[in-house]
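Heads up: the structure comes next, in structure tokens.
Chain identifiers are assigned alphabetically (A, B, ...) following the order of the sequence lines, protein sequences preceding nucleic acid strands; residue numbering begins at 1 within each chain. Values below: every heavy atom of this structure, side chains too, minus hydrogens, waters and symmetry copies. Note that the structure is a prediction, hence the values are computed from the model and not measured.
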There are 2 protein chains.
Amino acid sequence: MDEVFKALADASRRSLLDRLHARNGQTLNELCEGLAMTRQAVTKHLVILEEANLVTAVRQGREKLHYLNPVPIHQIGERWIRKFERGKLAALSELKRQLEKRDE
Amino acid sequence: MDEVFKALADASRRSLLDRLHARNGQTLNELCEGLAMTRQAVTKHLVILEEANLVTAVRQGREKLHYLNPVPIHQIGERWIRKFERGKLAALSELKRQLEKRDE
DNA sequence: TTGACATGCAACCATTTGGTTGCCTATTAT
DNA sequence: ATAATAGGCAACCAAATGGTTGCATGTCAA
């Protein structure tokens, strides 16, 4: 879980996920195109994404194809985001109440 | 957006959000209780959470009360998580196809 | 009014992070 | 066979991160 959050914390990595979401199964070189970063830097990001299970890579000949694995993102949505959405209205109204109390 | 992801990337900060989710409006000292960290470290985490707008603090006399703001978490759920959930099945089936192709 | 309590500020430190460069290996195409 | 292509490995670097300690400030209670 922590690895997933950490992996998502970097904008470059999120953009890599975006690219894979737009077109799945891209090679390393394809993922490097147009980025202001060396291939090695992209490799490091992809390793982190793989370790977080957000990306699965398949070596095919001399190319390495990268596939998005949406499961961990889904899990974060399920186990984390929704938990906080439940108490949402209550939390907001209490916050509002306190902010008003401050101005008395 | 980036600040929110970065703020969520640390387990201590997520646990602070959890504590506020359990009981909203806690003071700094209350939030420090039972944590293996100095008060100053907790302060730093809270600053980061405030900058990401995940927490709003209200000074009340000599105490500072901290309130959870669930809006940014909700936005991440809306704008980011759901986007990846949409293509989920398609992505998974293509991944499966490729993994099988590898074993031929 | 004075001491205790709640928090703030700043300097410092070790480790992690995001990136680089240089070189090596494996596969494909000519 | 050999050159070009795709990727991997390792050492290095600067900056960011997560934490500490020491001291200062503001507020409440006796």
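Rounded to an integer number of Å, the gap from CG of A/Leu65 to P of D/dA6 is 12 Å. Going from atom CG of B/Leu28 over to atom P of C/dC5 covers 16 Å, rounded to whole Å. Atom-to-atom, CG of B/Leu31 to P of C/dG8 comes out at 12 Å; the value is rounded to the nearest Å. Summarising the geometry, the separation between CD on A/Gln26 and P on D/dG7 is reported as 11 Å, rounded to the nearest angstrom. Rounded to whole Å, the distance from CG on B/Leu35 to C1' on D/dG19 is 13 Å. Following rounding to the nearest Å, B/Leu8 (CG) and D/dG18 (P) show an atom-to-atom distance of 12 Å. The distance from atom CD of B/Glu33 to atom P of C/dT7 is 11 Å, rounded to the nearest whole Å.
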Cut-off 3.5 Å, no hydrogens considered: what does the side-chain donor-acceptor table look like for residues 44-54 of chain B, sequence neighbours left out?
unit_1: B/His45; atom_1: ND1; unit_2: B/Arg13; atom_2: NH1; d: 3.1
unit_1: B/Glu50; atom_1: OE2; unit_2: B/Lys64; atom_2: NZ; d: 3.4

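For B/Arg39, the side chain to side chain contact (heavy atoms under 4.5 Å, CB included) partners at least two apart in sequence or on another chain are B/Leu28, B/Asn29, B/Cys32, B/Thr43. Taking B/Glu3 as the reference, nothing meets the salt bridge (Lys or Arg N to Asp or Glu O under 4.0 Å) condition, with sequence neighbours excluded. Every residue meeting the salt bridge (Lys or Arg N to Asp or Glu O under 4.0 Å) condition with B/Asp2, not counting sequence neighbours, appears here in chain and number order: A/Arg14, B/Lys6. Taking the side-chain hydrogen bond (donor to acceptor under 3.5 Å, both in side chains) definition, one finds that A/Glu78 meets it with A/Arg82, sequence neighbours left out.
Contact check, B/Asn29 against C/dT7: a side-chain N or O comes under 4.0 Å of OP1 or OP2.
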Under 4.0 Å protein heavy-atom contact, by nucleotide of nucleotides 18-30 of chain C - B base, S sugar-phosphate only: SBBBB----BS--
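In this structure, the side chains of A/Val58 and A/Tyr67 come closer than 4.5 Å at one or more pairs of heavy atoms.
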